[in-house]
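Both backbone and side-chain heavy atoms feed into the values below; hydrogens, waters and symmetry mates do not. In what follows, residues are counted from 1 in the order of the sequence shown.
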Amino acid sequence: MNYKYFPHTDEEVREMLESIGMSELGDLYSDVPEQVRFRGDYDLPSAMSEIEVRRHFDMLCRQNQSLTVFAGAGVYDHYTPSIIPDILRRSEFLTSYTPYQAEISQGTLHYIFEFQSMMSELTGLPIANASMYDGATASAEAMLMAAANSKKCNRVLVSSTIDPKVLDVVRTYAHFHGVELVLIGEREGLTDRQQMSEELERGAAGVLVQQPNYYGYIEDYDGLADECHAQKSLFMMNCVAGDLALLKTPGEWGADVAVGDGQSLGIPMCYGGPSVGYMCCTDKLMRKMPGRIVGMTRDNRGQRVFALTLQAREQHIRRQKATSNICSNQSLMALFVTIYLSVLGKEGFREVAQRSYDAAHYLHDRLLATGAFTDYSTAPFFNEFCVRYTGDADRLQRRMTEHGILFGVKTADGALIIAATEKRTVKEMEQVMKIIEEDRA
């Protein structure tokens with residue numbers, strides 16, 4: 001090839017075709033029936049110069065409306081320290097080799113090790129992997145872990161207070177792996193513990209719950225781990241990573257597996273992605289865990305080095321013994337949240353969570369004081385809560401959008417899930433209150 005980063009020349013294409021005994025590119029598709037071939041012209045724009053491409057995307061960008069976010073339901077508008085992109089681009093991280101060859105991938109292995117250590121400390125569980133695609137797929141992998149761990153039962157109980165998006169992914173995985181899912185109902189925005197206990201007595205490989213749940217409420221799971229373990233079931237918790245700065249950890253609840261999304265650790269919303277998932281577990285489940293585990297050791301000179309310690313996937317072991325076919329991890333995003341937590345430190349991390357909590361409770365009390373909102377549940381909440389609006393919720397959301405505010409996520413039965421983070425100010429919340437007054441007038 002004459003130019004490494006340019007498309008092939010006509011001469012190069014001809015030489016490649018001749019080497020495989022073909023005369024034109026169309027011969028590569030000779031097995032495709034004529035009736036399904038597209039013979040028209042592609043509706044593609046003409047070629048542009050670099051400056052024209054930049055102008056084009058600038059024009060598209062200006063069509064976007066930037067909104068003040070009072071919505072959550074799994075994706076949250078947290079502040080991203082400006083130092084993070086600069087550290088991400090450091091050569092020891094950006095150019096590190098894929099972690100199979102430890103001697104030339106120390107940068108990657110190092111930050112994965114730190115990511116694992118931080119997730120372990122956040123969840124209160126000793127083992128963490130590196131890493132999952134997002135919180136939804138991590139939850140699905142936890143469900144598969146439970147089924148693989150049980151020798152007699154493939155039923156997994158899932159609370160209906162889990163995020164519907166997560167539940168959809170779990171259902172898809174369960175369908176194609178032959179796992180029976182049993183959905184546990186809710187009462188006033190909380191898991192129906194009576195139904196959960198009854199279904200546990202019938203046998204289950206595991207139980208999957210969320211904390212805080214989809215509506216933002218903090219559920220009381222006291223005793224649930226003991227119920228699960230009495231039936232030889234795994235207790236699995238899906239948690240928003242950022243909330244674990246102040247909330248009781250999955251380890252303290254007695255969970256066997258903790259999974260969730262790391263987007264709340266400073267990753268920009270970015271229209272819903274990319275994100276990063278995490279998975280932590282007890283020691284005895286380590287070999288049931290998908291993905292990789294990076295460990296620290298010493299080389300022959302006594303220096304600290306990092307290496308892949310456990311790789312329970314089909315590329316490294318026999319296919320039938322693999323726990324998952326996860327072929328990559330969200331390494332860049334794992335590095336992102338590792339830098340975020342390092343920059344904030346423990347006190348800064350707690351302060352972000354506290355400010356988010358304070359902002360949400362301030363807004364919640366102001367909304368209820370208007371008389372136009374009622375609580376979906378009286379359960380405690382963190383930085384997200386669910387309310388019902390006595391007026392037209394759709395119209396209110398439209399009016400908010402017209403004023404540059406993304407106000408809540410509507411539930412299936414018409415309630416609004418509203419979130420606040422450390423970025424939300426009293427001035428922004430006063431604007432919300434003014435629009436509500438105008439809507440009621």
Side-chain angles (χ1 to χ4, degrees), residues 1-19 24-26 28-29 37-71 74-99 104-105 107-108 111 131 133-134 261-276 327-340 342-343 398 400-406 421-425 428 431:
M1 185 182 295
N2 295 326
Y3 303 99
K4 288 178 65 176
Y5 305 110
F6 286 4
H8 299 130
T9 64
D10 291 340
E11 181 182 354
E12 289 167 341
V13 171
R14 180 182 55 77
E15 290 176 357
M16 286 188 286
L17 287 172
E18 287 179 355
S19 69
E24 60 176 341
L25 287 173
L28 294 170
Y29 307 98
R37 294 195 190 190
F38 178 69
R39 294 296 188 181
D41 294 326
Y42 293 113
D43 184 17
L44 296 175
S46 58
M48 300 185 206
S49 66
E50 179 181 339
I51 191 170
E52 288 173 325
V53 170
R54 289 183 181 276
R55 285 172 179 164
H56 175 68
F57 280 104
D58 285 342
M59 180 189 67
L60 293 177
C61 185
R62 285 194 291 271
Q63 296 177 24
N64 292 327
Q65 182 180 7
S66 181
L67 303 177
T68 300
V69 180
F70 284 95
V75 181
Y76 304 92
D77 186 26
H78 287 285
Y79 175 69
T80 302
S82 59
I83 194 174
I84 294 179
D86 292 310
I87 299 179
L88 281 176
R89 289 191 287 265
R90 286 183 62 92
S91 61
E92 62 265 43
F93 300 136
L94 185 64
T95 61
S96 287
Y97 189 69
T98 187
I104 57 174
S105 58
T108 295
Y111 70 69
S131 55
Y133 301 131
D134 53 31
D261 207 291
Q263 184 275 330
S264 57
L265 302 179
I267 297 177
M269 300 179 79
C270 296
Y271 298 94
S275 185
V276 63
C327 294
S328 63
N329 60 69
Q330 294 293 75
S331 187
L332 177 65
M333 309 319 295
L335 173 59
F336 196 110
V337 302
T338 301
I339 299 170
Y340 174 84
S342 300
V343 169
R398 287 195 299 270
M400 290 286 185
T401 302
E402 291 168 0
H403 288 80
I405 296 172
L406 181 61
T421 67
E422 80 283 4
K423 288 179 65 174
R424 299 288 69 85
T425 65
E428 291 169 342
Q431 185 184 7

Could you report the tightest heavy-atom contact between [X] and [Y], atom names first, then the distance?
{"X": "Tyr111", "Y": "Leu332", "answer": "OH-N, 4.5 Å"}
{"X": "Tyr340", "Y": "Pro81", "answer": "CD1-CD, 3.7 Å"}
{"X": "Ser264", "Y": "Tyr76", "answer": "CB-CD1, 4.5 Å"}
{"X": "Arg39", "Y": "Arg37", "answer": "NH2-NH1, 3.4 Å"}
{"X": "Ser331", "Y": "Thr108", "answer": "OG-CG2, 4.1 Å"}

How many angstroms lie between atom [atom1] of [X] and atom [atom2] of [Y], to the nearest 0.5 angstrom?
{"X": "His56", "Y": "Ser49", "atom1": "NE2", "atom2": "OG", "result": "12.5 Å"}
{"X": "Gln263", "Y": "Met333", "atom1": "CD", "atom2": "CE", "result": "9.0 Å"}
{"X": "Ile339", "Y": "Phe93", "atom1": "CD1", "atom2": "CZ", "result": "6.5 Å"}
{"X": "Arg90", "Y": "Leu335", "atom1": "CZ", "atom2": "CG", "result": "11.0 Å"}
{"X": "Gln431", "Y": "His403", "atom1": "CD", "atom2": "NE2", "result": "7.0 Å"}
{"X": "Arg89", "Y": "Ile84", "atom1": "CZ", "atom2": "CD1", "result": "11.5 Å"}

Counting only heavy atoms from other residues, nucleotides and ligands, does the tally under 6.0 Å from [atom1] of [X] exceed 12?
{"X": "Glu50", "atom1": "CD", "result": "no"}
{"X": "Asp10", "atom1": "CG", "result": "no"}
{"X": "Phe38", "atom1": "CZ", "result": "yes"}
{"X": "Leu60", "atom1": "CG", "result": "yes"}
{"X": "Ile83", "atom1": "CD1", "result": "no"}

Pairing of Glu402 and Arg398 as salt bridge, 4.0 angstrom limit: no
Main-chain N/O of Asp134 paired with Ser275 side-chain donor or acceptor, under 3.5 Å: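 Not at all, since once roles are kept as given, no pair shorter than 3.5 Å links the two residues.
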Single hit among Leu265, Ile87, Val276, Thr80 for side chain to side chain contact (heavy atoms under 4.5 Å, CB included) with Phe336: Thr80
Given Glu428, Lys423, Arg424, the one that forms side chain to side chain contact (heavy atoms under 4.5 Å, CB included) with Val69: Arg424
